[in-house]
Structures are given as structure tokens and as C-alpha cells.
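A, B, ... follow the sequence lines: proteins, then strands. Residue 1 opens every chain.
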2 protein chains.
Amino acid sequence: MNERRMKILELVNTEQRLTVVQLAAAMNVSQVTIRKDLDYLESRGLLRREHGAAVLDNSDDIQGRMAINYAGKLEIARAAAALVTGGETVMIESGSCCALLAEELAAAQRGITVLTNSVFIAEHLRRFPETRVILLGGEYQNQSQVLVGPLVRQNAEAFFVDKLFLGTDGFAPATGFSGKDLLRTEAVQAMARRAEKTIILTESHKFKRQGVVAQFAVTDVHTVVTDSGIPPNTSAQLRQNGVNLHIVETAIEPHGAARKEEETP
Amino acid sequence: MNERRMKILELVNTEQRLTVVQLAAAMNVSQVTIRKDLDYLESRGLLRREHGAAVLDNSDDIQGRMAINYAGKLEIARAAAALVTGGETVMIESGSCCALLAEELAAAQRGITVLTNSVFIAEHLRRFPETRVILLGGEYQNQSQVLVGPLVRQNAEAFFVDKLFLGTDGFAPATGFSGKDLLRTEAVQAMARRAEKTIILTESHKFKRQGVVAQFAVTDVHTVVTDSGIPPNTSAQLRQNGVNLHIVETAIEPHGAARKEEETP
DNA sequence: GGATTTAAGTTTCATTCGAAATTCAATACG
DNA sequence: CGTATTGAATTTCGAATGAAACTTAAATCC
């Protein structure tokens with residue numbers, strides 16, 4: 001994934017739809033080159049193609065979310081991947097940053113085993129046969145492609161790992177991290193009980209949101225990986241509570257105004 | 001899915017690759033019509049498109065297998081679907097007939113709940129939000145998209161249902177039904193212990209094969225749904241052992257000679 | 001230092017493509 | 001009974017496409 005392709009992705013995400021001619025002009029390359037870029041991006045599920053144009057994959061699931069601020073998410077995922085040693089077994093919950101983390105780990109071929117309740121991640125890692133995946137069973141949540149319910153907890157109890165990676169939907173100084181969906185939140189809490197360290201991967205704008213379900217108190221979290229948009233008082237609070245904070249510098253910080261609201265599915 | 005589309009599918013499966021021009025000539029319709037048919041079939045994952053042509057999806061997974069003798073499999077799946085009552089909870093294991101059965105049940109919107117260890121089926125049913133899916137967790141088998149191992153057994157024990165639907169890889173009069181893969185076979189046996197009736201869906205040519213793992217004795221099987229190609233002595237044997245035999249008449253029986261070997265993934 | 005390979009991008013062209021307007025037949029409606 | 005209405009298929013046409021041959025630049029090798 002090169003520079004230009006990232007830029008195309010960002011452009012398509014702001015404009016919803018761009019023709020091959022428009023993109024070729026904007027990037028100063030031939031239409032053939034743009035077409036090849038679009039073919040690649042489509043094969044990765046990051047956008048859809050129409051005859052003569054690229055269209056934002058506007059679906060409400062992880063696949064669609066992954067395309068939004070892809071570059072930023074990738075930075076976060078890479079920073080998190082550096083925390084994992086070869087041969088390790090990790091738990092990963094759903095969320096677009098987490099999906100990219102899983103992909104990074106699998107692509108690096110370091111003999112990782114992934115425990116997850118995300119069907120999306122399991123399918124996403126299918127093209128990396130070297131990486132073992134164990135799916136924690138449960139009731140299938142159609143839209144988020146995540147498994148929830150008592151089975152997840154029961155399955156998680158068969159394991160104990162060092163690290164759980166997860167996303168979040170919001171944060172408030174008083175209450176800590178929060179989620180949007182009760183069942184998903186319960187599932188990830190059950191997973192956290194079977195992991196030594198709870199590691200949150202999230203874009204910084206989530207620190208300005210709040211979900212409706214209490215997820216984790218600050219003191220329950222071992223590490224947070226986010227981008228430089230995190231409010232200074234929040235980062236101070238996290239550090240004071242002993243949270244390891246990894247802040248990645250994102251090249252282009254997305255300017256949330258005109259863009260579609262983004263939330264972890 | 002109309003007549004012509006079925007026929008196109010069969011043709012592409014025997015020829016590997018056919019151009020839009022060839023298909024239009026063969027079907028006596030315009031190229032535009034063929035293109036629309038191909039768009040539809042591609043959207044269902046039953047073939048791939050190239051510029052100006054349709055190509056057999058030659059992958060070794062369920063998606064690829066489903067295209068082979070689609071019409072025959074659909075007949076079997078529909079006959080099996082008739083055995084299920086509204087609101088029922090059923091177990092379904094993997095296999096291409098079973099995937100079609102799951103789809104039939106979900107499309108009929110009868111408030112079915114599906115328990116399965118097949119990630120493919122779970123994803124396949126995603127577009128039917130009305131159908132509940134519970135995935136039995138376990139280790140993810142990359143190619144077959146099935147979950148196996150001790151977790152599957154443990155998860156299955158949380159349930160008890162009336163019917164388990166599954167495929168098979170072979171049959172021999174002396175030993176009964178057989179599978180190709182030990183782990184998958186163990187998983188389906190564990191599921192069978194939690195179901196009142198074991199129902200096998202299989203194309204008849206499997207009765208002329210044999211797998212390497214003992215799967216089920218004839219007396220363990222409650223019902224078999226297959227097509228009219230089943231050898232007469234086999235059907236007699238099954239009936240003598242109290243197996244309910246449903247035989248569907250397939251319009252065109254595939255002539256296995258020049259075709260790619262087909263096996264349940 | 002020069003030759004060779006590799007990768008990324010471009011130009012060109014015959015072919016295929018999607019969109020829209022049109023035909024035709026079956027079904028529904030008042 | 002006549003008239004909408006719908007759905008499937010067709011015709012037409014300018015635009016988009018993939019394939020192949022070509023250019024350029026960087027990396028590799030002897």
C-alpha cells in the first residue's frame with residue numbers, strides 16, 4: 001500500500017465518489033495507473049468500483065469503517081503490533097484498528113495464535129494460513145460480525161493470555177472507557193478477565209465521545225495506543241493512573257466536520 | 001434464480017471459461033441479458049467474471065464447491081428444508097448442500113435458529129437478519145472455514161436440538177458413512193450427541209466414495225436426503241436399517257468423467 | 001563502469017461495458 | 001373491456017476497460 005493509494009482512499013472517503021478521470025488528474029498519473037490502484041483497493045475491500053469511478057463502501061460494518069482514516073488506523077495497528085512477541089497467543093476483540101492489528105501480526109508470519117470473538121477477524125486472517133485462529137463461540141451479531149453471550153465467556157475461560165487488544169466507543173474522565181452495545185461490552189469484559197493486560201487501540205476522536213455502557217475503568221487498562229489528537233488532560237489522566245500511553249503521529253489528521261460519523265461497529 | 005441462470009452455471013462449470021458472446025449464442029439471448037445473469041451469479045459467489053467472460057470459481061472451498069451441480073444441491077437442500085418446522089432450532093454442519101439448506105431456511109423467514117460450527121454458514125446467513133445464528137467456537141480450519149476441536153464439543157453440550165444436518169464424504173456398506181478429516185469428523189460427532197436426529201444431506205456420488213475416518217454407522221443416522229443416483233442396493237440397505245430415505249429427482253445428473261473431482265470441504 | 005533485471009507508469013487500440021430508451025408480453029385494475 | 005403496470009429482454013452508443021508493447025528509473029550483478 002503506497003502513498004498514492006492511501007491518498008486516493010482518503011479522497012474517495014471525503015468525496016463519496018470520484019471518477020477515474022478525476023483521480024488521474026488529481027494524482028497526476030495516467031488513468032491506467034489509477035485503475036490498477038482502484039483494483040487493489042477494491043480487492044482489499046476498502047472501496048467499491050463502479051464503471052469509471054470509485055465509490056465509498058458506505059456499509060455500516062467493519063469493512064466499511066476500515067476505509068475511514070485508514071492511514072491513521074494502520075499507524076496505531078503497527079504500534080500495537082510491536083508490543084507482541086513472536087509465537088505469542090493474544091486475544092483480539094473487534095474494531096477496525098484491531099482488525100488491522102490482526103492483519104499486521106499475521107502478515108509478519110511470527111507464528112502468532114489469535115483468540116477472538118470476531119468472525120470478521122477470523123475471515124480476514126484466512127489468507128494467512130500460518131496464523132492460528134481460535135474463535136470464541138456465541139451468538140452471532142449480524143451487523144458487527146461479533147460473537148456475544150454466555151458462550152463467549154465460557155470459551156474464554158479455557159484460556160489465559162498475556163494481552164487482550166480491543167477498541168472502545170468513548171471515554172469520560174469520571175467513568176473511564178465506554179461501549180455502545182451491552183452484549184459486546186460484556187463479551188470483551190469476559191475476555192479481559194482472562195488476560196493479564198488490557199490494551200486499548202483507538203483513534204483519538206473517541207476521547208471526545210461517550211458510549212452508553214461502562215466498559216473499563218482507567219485503572220483496569222494496561223496500555224492505550226492512540227494518535228496525537230488525544231486531549232492533553234486525558235493523556236495526563238491516563239498516565240497518572242499508570243496507563244502506558246503510546247501516541248503515534250498521524251500524517252494527516254482527519255477534520256471531522258464534513259465527514260460521516262465514525263464509530264466502532 | 002431462473003432456468004437460464006442454472007444452465008449458464010452448469011455450462012461454465014463444464015467449460016471452465018465462456019465468453020459473453022458464446023453464452024449469448026448458446027442461450028439465444030442478447031449479450032446484455034447474459035451480462036446481467038453473470039452479474040447476478042457473481043454476486044452470489046457462484047462464478048467469477050473477467051472482462052468479456054465468465055470463469056469457474058475454482059477455489060477449493062465451499063464457495064467454489066457450491067457452483068458444481070448447483071441445481072442438484074438446491075433440490076436436496078429444499079427437500080431437507082421441508083423437514084424443518086417454523087421457529088425450530090437446528091444444528092447444521094458444513095458442506096455445500098448444508099449451506100444451501102441454511103440459506104433456504106433463512107430466506108423463508110420462519111424464525112429459525114441455526115447452531116453451527118461453520119463460519120461460512122454464519123457469514124452466508126448474514127444477509128438474513130431475521131435468522132438467529134449461534135456459532136460453536138473452536139479452532140478455525142482455514143480452508144474448510146469450519147471450527148473444530150474441544151471447544152466445539154464443549155459448546156455443543158450447552159444445547160439439545162431435534163435435528164442435526166450434515167454432509168458426508170463417503171460411504172461403504174460395511175462401515176457406514178465416512179469423513180475425510182479427523183477433526184471435522186470429531187466435531188460433527190460431538191454435535192450429533194446433542195441432537196435427537198442425525199440427518200445426512202449428500203449428492204449420490206458420495207455413495208461411490210469412501211473417506212478415511214469413520215463418521216456414522218448406518219444405524220446412527222435418522223434420515224438421508226440424496227438424489228436418484230444412489231445405488232439401489234445402498235438405498236435398500238439404508239431402508240433395512242430404519243433410515244428415512246428422501247430421494248429427489250435431479251433434472252440433469254452430472255456425468256463425472258471430465259469434471260473436477262468434487263468433495264465436501 | 002557497464003550490462004541486466006525489476007518495478008512502476010504510460011500509450012495505444014480493439015473490445016467490452018453500463019445506461020437509457022424501447023419493445024413485448026403477462027398481469028392487475030377499475 | 002380497455003388501460004395501466006410490471007418485468008424481462010433488446011437495441012444503441014459513447015465511455016470505460018484490459019492487454020500488450022513501450023518508456024523510464026532505480027536496483028543488482030559481474
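- By the 6.0 Å and 45° rule, A/R132 does not stack over the aromatic ring of B/Y140.
- Applying the salt bridge (Lys or Arg N to Asp or Glu O under 4.0 Å) test to B/E88 and every residue at least two apart in sequence or in another chain returns B/K163.
- With hydrogens and angles disregarded, no donor-acceptor distance shorter than 3.5 Å links the side chain of B/D37 to the backbone of B/R4.
- Counting only heavy atoms from C-beta outward, the side chains of B/I112 and B/V84 approach each other to under 4.5 Å.
- Using a 4.5 Å heavy-atom threshold, the side chains of A/E103 and A/R127 count as touching.
- Here C/dG9 presents its C1' atom at 12 Å from CZ of A/R5, a figure rounded to the nearest Å.
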Find every protein N or O atom lying less than 3.5 Å from an N or O atom of nucleotides 10-13 of chain C, and list the pairs.
from: C/dT10; atom 1: OP1; to: A/S30; atom 2: N; distance (Å): 3.0
from: C/dT10; atom 1: OP2; to: A/S30; atom 2: N; distance (Å): 2.6
from: C/dT10; atom 1: OP2; to: A/S30; atom 2: OG; distance (Å): 2.6
from: C/dT10; atom 1: OP2; to: A/T33; atom 2: OG1; distance (Å): 2.4

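- One can place CG of A/D37 at 13 Å from P of D/dG18, the figure rounded to the nearest angstrom.
- Atom CG in B/L18 sits roughly 14 Å away from atom P in C/dT16 (whole-Å rounding).
- The distance between atom CD of B/E42 and atom C1' of C/dT16, rounded to the nearest whole Å, is 15 Å.
- For the pair B/R4 and D/dA8, the criterion of a side-chain N or O lying under 4.0 Å from OP1 or OP2 is not met.
- Computed from coordinates, the A/R48 CZ to C/dG18 C1' distance equals 15 Å when rounded to whole Å.
- In this structure, the OH atom of A/Y40 is 13 Å from the P atom of C/dG9, given to the nearest Å.
- In this structure, A/E3 atom CD and C/dA8 atom P are separated by 15 Å, rounded to whole Å.
- Atom pair B/L23:CG and D/dA9:C1' shows a separation of 16 Å (rounding to whole Å applied).
- Comparing A/E50 and B/H51 along DNA chain C, the residue whose closest nucleotide (by nearest heavy atom) sits nearer the 5' end is B/H51.
- A/Q22 and A/E15 form no side-chain donor-acceptor contact under 3.5 Å, judged by distance and modelled atom types alone.
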